[in-house]
Amino acid sequence: MMLLKDILYGVGLTAVSGSTNVMVNSVQFDSRKVAMDDVFVAVRGLVTDGHGYIEKAVNSGAKAIICEELPQQMVNEITYVEVRNGNSALAIMASNFYNNPSKNLKLVGVTGTNGKTTVSSLLYQLFKKSGYKVGLISTIKIMVDETEYKTSHTTPDALTINEHLKLMNDAGVEFCFMEVSSHGIHQKRTEGLVFEGAIFTNLSHDHLDYHKTFAEYRDTKKILFDNLTKAAFALTNIDDKNGLVMLQNTKARKYTYALKTYADYRAQILENQFDGQLLKINDNELWSKLIGHFNAYNMLAIYATADLLGLEKFETLRLLSELENVDGRFQYYISKQKITAIVDYAHTPDALKNVLDTINTLRTGNENVITVVGCGGDRDRSKRPVMGHIASEMSNKAIFTSDNPRSEEPAAIIEEMVGGVQPQNTKKILSIENREQAIKTACQLALANDIILVAGKGHETYQETNGKRIDFDDFEIIKELLLELEK
């Protein structure tokens, strides 16, 4: 239990009815989880408004209500606190309730359109190999040193973040690497956290269904850097035209990395092939199992971060060469028929182009590239024709299929992708709504030495349609289909 006034420390209050000098059991923003003597925070979401559940929370035993607008009917002996922003209040309260756990470890946030999962996950791997107790908060999972927890959001809600950071404190974790999405920043899930540093990977077309404009999307990312302290570091990719924007107004120590531009940390690709690439980082060579320009940037960001956090440089280079690919990120399988299958999470135009660029750089020119790709439903529609254009332009054959259609009709999504295909590429495309059938068709079309790219879902082990999730793992499915063809 904890005093309400201590939980509210640092929250912007506008009105209070009742006493804040009361003990409460826990903080909740989901009325279904409210129990006796809890405090309920009414948060305005995209779909539901927590203010509509205040009465339910009171009936479930809530001792205090935190809201942006006081209800007209207030119950005696319940404390009502009006705040300027419910999301901000929840984040600060969550941090206070768990005794500000981010202050007790070195928390590094990774933001950008592409590369967040790879950079954060491989930093976790690297520091584990260095002998440290490490935490990870990513799209794929949350790790409290050796213990794994499932996650459903790139940046979880503030209560989940702080609860797991507290578990990290209890486990003696020294470093934590965390994906920070634009949604998470905009919804203030990271407010109240103390970051040791922040990394910017890149910025391209994504989430414009949510942010409306590219400038708003960029400026939301920038908030992470704006809120850093003087003791923190800000590391940015200045080959991206938005890289220097992230450093404007930050109080943190500023560092840059690049492959094409002069920077504090520089890399050069010396060799690139399917089983890895030879990199030169700040005049030192290393072999990486991760291939492609985008992974050269990722490896450079990891090296720079390790250096800024005090790891020995040559030990870092040695460990970088041992790092394995993250699930669903250029994950590949080569069949006995010499067909290479690649599964990648590429779900933005830029990511898809990067992966196909890498494939086309590595191929001899005699192989066909067959791309299976879809676009998610209830998400940014404007990128669908762009994805269709890139897949058809950069592949010998493109099969448009269902991704996670959610509440939309898969056929309608595919039709929007087809709308981006140039006339000269129309004969190169097929539309097959059923994703498994689309992957099977790609396998049947492929000959020896051909390359199949299955893009969009990567690490996801499900397909979401009309609120239901069914088991679906791109990598397992294509591997099974290729094994069947070998029989």
Side-chain angles (χ1 to χ4, degrees), residues 102-103 106-120 122-123 137 154-155 175-208 211 213-268 281-282 293-311 313 316 348 350-351 354:
S102 62
K103 291 182 177 179
K106 292 183 177 179
L107 177 64
V108 177
V110 186
T111 197
T113 303
N114 303 310
K116 296 189 296 295
T117 302
T118 298
V119 170
S120 56
L122 294 185
L123 278 165
I137 300 176
T154 303
T155 309
F175 299 92
C176 176
F177 302 101
M178 175 179 173
E179 287 188 56
V180 182
S181 67
S182 57
H183 288 69
I185 296 169
H186 188 259
Q187 294 167 16
K188 303 186 184 297
R189 296 179 210 158
T190 55
E191 201 158 315
L193 299 180
V194 177
F195 286 94
E196 180 76 14
I199 305 164
F200 170 76
T201 58
N202 51 64
L203 205 65
S204 63
H205 189 135
D206 201 15
H207 302 307
L208 299 191
H211 293 289
T213 68
F214 189 84
E216 184 187 321
Y217 175 47
R218 178 199 63 210
D219 293 345
T220 301
K221 296 277 189 191
K222 185 176 177 293
I223 291 169
L224 176 64
F225 293 84
D226 291 346
N227 291 338
L228 293 174
T229 66
K230 288 181 180 178
F233 68 81
L235 175 66
T236 190
N237 171 11
I238 56 165
D239 280 347
D240 187 292
K241 62 179 181 291
N242 298 287
L244 288 175
V245 174
M246 298 298 142
L247 300 184
Q248 293 171 1
N249 306 321
T250 186
K251 302 183 199 73
R253 294 172 287 127
K254 302 173 184 179
Y255 298 92
T256 57
Y257 69 97
L259 266 66
K260 303 172 185 174
T261 318
Y262 179 78
D264 298 307
Y265 297 93
R266 292 201 67 199
Q268 183 182 357
I281 295 181
N282 282 12
H293 277 78
F294 57 97
N295 272 323
Y297 281 106
N298 292 337
M299 296 297 275
L300 183 55
I302 292 162
Y303 172 82
T305 303
D307 184 48
L308 293 169
L309 290 172
L311 265 61
K313 293 178 183 180
T316 298
T348 67
D350 196 52
N354 283 339

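Asn282 places no side-chain N or O within 3.5 Å of a backbone atom of Tyr265 that could act as its donor or acceptor partner. Proximity of a side-chain donor or acceptor of Asn237 to a complementary backbone N or O of Thr201 within less than 3.5 Å is detected. Ser120 contributes a side-chain N or O that, together with a main-chain N or O of Thr117, makes up a donor-acceptor pair within less than 3.5 Å. Side chain of Asp239 to main chain of Lys260: a donor-acceptor pair is present (N/O by atom type, distance under 3.5 Å, no hydrogens or angles). With Lys222 contributing its side chain and Gln248 its backbone, the two residues share a donor-acceptor pair below 3.5 Å.
A distance of 7.0 Å separates CE in Met299 from CG in Leu122, rounded to the nearest 0.5 Å. The distance from the CD atom of Glu196 to the CG atom of Leu228 is 10.0 Å, given to the nearest 0.5 Å. Rounding to the nearest 0.5 Å gives a distance of 9.5 Å between CD of Glu191 and CD1 of Ile223. Going from atom CG of Asn227 over to atom OG1 of Thr190 covers 7.5 Å, rounded to the nearest 0.5 Å. Note that the CG atom of Asp264 and the CG atom of Leu235 stand 8.5 Å from one another [nearest 0.5 Å]. Remark: Phe177 CZ to Ile199 CD1 distance equals 7.5 Å, nearest 0.5 Å.
Of all non-hydrogen atoms in Leu259 and Arg266, the two that sit nearest each other are O-NH2, 3.6 Å. Contact detail for Thr118 and Ile302: the closest heavy-atom pair is O-CD1, 4.5 Å. Looking at every heavy atom in both residues, Ser102 comes nearest to Leu107 through CB-CD2, 4.1 Å. Among all heavy-atom pairs drawn from Asn242 and Arg218, the shortest one is OD1-CD, 3.2 Å. Val180 approaches Lys116 most closely through the heavy-atom pair O-CD, 3.8 Å. Shortest non-hydrogen contact noted between Ala234 and Phe225 is CB-CD2, 3.7 Å.
Taking 4.5 Å as the limit, some side-chain heavy atom of Leu203 sits within range of a side-chain heavy atom of Tyr217. Between Asp350 and Thr113 the shortest side-chain heavy-atom distance does not fall below 4.5 Å. Side-chain atoms of Asp307 and Leu311, non-hydrogen and from C-beta on, never get closer than 4.5 Å to each other. Annotation: side chain of Met178 is not in contact with side chain of Val108 (no heavy-atom distance under 4.5 Å).
Between Val110 and the choices Leu224, Val119, Asn298, Ile137, the side-chain contact (heavy atoms from CB on, under 4.5 Å) rule is met once, by Val119.
Looking only at atom types and distance, the side chain of Tyr255 has no donor-acceptor partner in the side chain of Thr236 under 3.5 Å away. Under the 3.5 Å distance criterion, with hydrogens and angles disregarded, no donor-acceptor pair is assigned to the side chains of Asn202 and Tyr297.
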